[in-house]
2 protein chains.
Amino acid sequence: MDQTFHEPKYSVKDVSEITGLTKHTIRYYDDQQLIPFVSRDARINRLFSDHDLDWLRMVHSFRISGLPISEVKHYIAMCLQGDETIPERAELIAKQEKELEAKIREYNLQLMHIKKKKAYYESVSTGQLDDTWNPVNNNPECGEKYDIPEHIKSAPKVHVRA
Amino acid sequence: MDQTFHEPKYSVKDVSEITGLTKHTIRYYDDQQLIPFVSRDARINRLFSDHDLDWLRMVHSFRISGLPISEVKHYIAMCLQGDETIPERAELIAKQEKELEAKIREYNLQLMHIKKKKAYYESVSTGQLDDTWNPVNNNPECGEKYDIPEHIKSAPKVHVRA
DNA sequence: TATTGACTTCGAGTTACTCGAATACTTTAT
DNA sequence: ATAAAGTATTCGAGTAACTCGAAGTCAATA
């Protein structure tokens, strides 16, 4: 962290090229106050420092991990407020960790499903073309059979006018 | 797959309770033609069969895994069309597998980030309350340092009117 | 008969972008 | 000197996939 760290030097276009975010998104994040301290040049144009870049990276990282913008805002507000918000910030981070882990579990599950489906399509392609697994006819989509609650299973309610 | 498999017997509410999807979402999917063959009772009310449930599960699974509705529609159209679409269906599935794997990699990366942040907050909470890692001051958010392209790094362009 | 509850459609609201138009300014080319 | 490029700005509309609530219809129950 040298003295050039806070020196404003990157235009929106630069930041876009560095981070891979679109110029639109960068402006949008700035408009939403997700990057405090962004300065402007003598006219009106945004200028980002390395510090701003770091900050944007953090915001981007939060967003990728699925934290809503409102929560990112909340986290930022806490950072700006001071040390007394540390416990709450830690809480937010811990919660987000849980959510990410849940997401990864869910996606791994879906990956299993898709692999099964893929295996089926491969078997059908290499062997004879017998599309019995077509969901139109028969749909073994979900390996895990879903449970139908007793009160629904036992009491089908079809109301047909006599 | 017995003969009751295609018998319409579940109301929207039933399906909601069985699948966990909201009634709104179920109707939305039906409106979007994501569940072919859904029947209606003598009046106007939707009635779902076990087959429809399976189908809805498939759609739900696709959606969870991030496949856009337009693609789900495309997949369905192909299923309805017949065996000649099998190669293209297989392609779609393979592509979606890749996307899921990429997503899982990305989320694992984000999980690493969040774990680092969490560790920091834990160290700060148990030890002395020294919030030097507050991004306001210094933001080691991104373990991996980002590269600033040479042409940007070397030519800082600050235009200040004289 | 009135209330309850479940169904319907429809239209508006939400989130997080995403895109394009209108406009302003500087730099470069003619 | 002026025109064309290039980059910047704001602003308003569009998009995806829900999400919600209002208004209306009908059947069963109190």
Side-chain angles (χ1 to χ4, degrees), chain A residues 8-35 38-48 56 59-76 99 149 151-152 155-162, chain B residues 8-35 38-48 52 56 59-76 99 151-152 155-162:
Chain A
K9 37 181 177 274
Y10 308 113
S11 70
V12 170
K13 199 196 176 205
D14 294 339
V15 175
S16 170
E17 284 170 21
I18 293 168
T19 63
L21 291 162
T22 72
K23 294 182 276 177
H24 276 298
T25 303
I26 294 161
R27 286 201 202 94
Y28 176 71
Y29 283 174
D30 185 29
D31 290 348
Q32 296 296 311
Q33 323 253 47
L34 264 37
I35 325 158
V38 179
S39 52
R40 303 273 177 143
D41 70 4
R43 247 181 59 69
I44 198 184
N45 308 329
R46 288 173 185 82
L47 277 182
F48 297 77
L56 178 55
V59 169
H60 187 199
S61 168
F62 273 141
R63 288 295 305 121
I64 290 173
S65 82
L67 198 72
I69 284 185
S70 57
E71 297 274 291
V72 178
K73 269 185 190 170
H74 184 204
Y75 180 81
I76 290 175
E99 302 235 332
H151 70 284
I152 289 174
K157 34 186 110 153
V158 187
H159 308 293
V160 183
R161 192 142 37 181
Chain B
K9 37 180 176 273
Y10 308 112
S11 72
V12 170
K13 198 194 177 207
D14 294 340
V15 175
S16 169
E17 284 170 21
I18 294 168
T19 63
L21 290 162
T22 71
K23 293 183 274 176
H24 276 299
T25 303
I26 293 161
R27 287 201 201 95
Y28 176 70
Y29 283 172
D30 185 29
D31 291 346
Q32 296 295 312
Q33 323 253 47
L34 265 36
I35 325 158
V38 179
S39 51
R40 304 271 178 146
D41 70 4
R43 248 179 57 71
I44 198 184
N45 306 331
R46 278 169 257 257
L47 276 183
F48 297 77
D52 296 329
L56 178 54
V59 169
H60 187 198
S61 170
F62 273 140
R63 290 293 307 121
I64 290 173
S65 82
L67 199 72
I69 283 185
S70 56
E71 298 274 292
V72 177
K73 269 186 190 170
H74 184 203
Y75 180 80
I76 290 174
E99 303 234 333
H151 71 282
I152 289 174
K157 34 185 108 153
V158 187
H159 309 291
V160 183
R161 192 144 35 183

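Chain A is the first sequence line, chain B the second, and so forth, proteins listed ahead of strands; every chain is numbered from 1. Owing to the predicted nature of the structure, the values given are computational and were not obtained by experimental measurement.
The interatomic distance linking A:Ile64 (CD1) with C:dA16 (P) rounds to 14 Å, in whole Å. The distance from atom NE2 of B:His24 to atom C1' of D:dC20 is 5 Å, rounded to the nearest whole Å. For the pair A:Arg40 CZ and C:dC25 P, the computed distance is 15 Å after rounding to whole Å. Atom CD1 of A:Ile44 and atom C1' of D:dT9 are 5 Å apart (whole Å). Here the P atom of nucleotide D:dC18 and the CZ atom of B:Phe62 are 14 Å apart, to the nearest Å. For the pair A:Asp41 CG and D:dT7 C1', the interatomic distance rounds to 11 Å; values are reported in whole Å. For the pair B:Tyr10 OH and C:dC7 P, the computed distance is 15 Å after rounding to whole Å.
Distance check, rounded to the nearest 0.5 Å: OG of B:Ser39 to CG of B:Asp52 gives 6.5 Å. The NE2 atom of B:His24 sits 14.0 Å away from the OH atom of B:Tyr29 when rounded to the nearest 0.5 Å.
The main-chain N or O of B:Ser11 is found under 3.5 Å from a side-chain atom of B:Asp14 such that the two form a donor-acceptor pair.
Distances shorter than 4.0 Å separate some side-chain N or O of A:Arg63 from OP1 or OP2 on C:dC17. Between B:Arg46 and C:dT9, a side-chain N or O to OP1/OP2 separation shorter than 4.0 Å is present.
Shortest non-hydrogen contact noted between A:Arg46 and A:Asp30 is NE-OD2, 2.5 Å. Of all heavy-atom pairs between A:Arg63 and A:Pro68, the closest is NH1-CA, 3.8 Å.
Taking the side-chain contact (heavy atoms from CB on, under 4.5 Å) definition, one finds that A:Lys73 meets it with A:Gln32, A:Leu34, A:Ile69, sequence neighbours left out. Listed by chain and residue number, nothing satisfies the side-chain contact (heavy atoms from CB on, under 4.5 Å) test with B:Gln33 (two or more places apart in sequence, or in another chain). Listed by chain and residue number, A:Val15, A:Leu21, A:Ile26, A:Leu53, A:Leu56 satisfy the side-chain contact (heavy atoms from CB on, under 4.5 Å) test with A:Thr19 (two or more places apart in sequence, or in another chain). Partners of A:Ile64 by side-chain contact (heavy atoms from CB on, under 4.5 Å), not counting sequence neighbours, listed by chain and number: A:His60, B:Glu106, B:Gln110.
If you check residues 25-32 of chain A against DNA chain D, the residues with a heavy atom closer than 4.0 Å are A:Arg27, listed by number.
If you check C:dG20, D:dC26, C:dA24 against the side chain of B:Arg43, the one that comes closest is D:dC26.
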Filtered N/O pairs between nucleotides 3-6 of chain C and protein, under 3.5 Å:
from: C:dA6; atom 1: OP1; to: B:Lys13; atom 2: NZ; distance (Å): 2.9

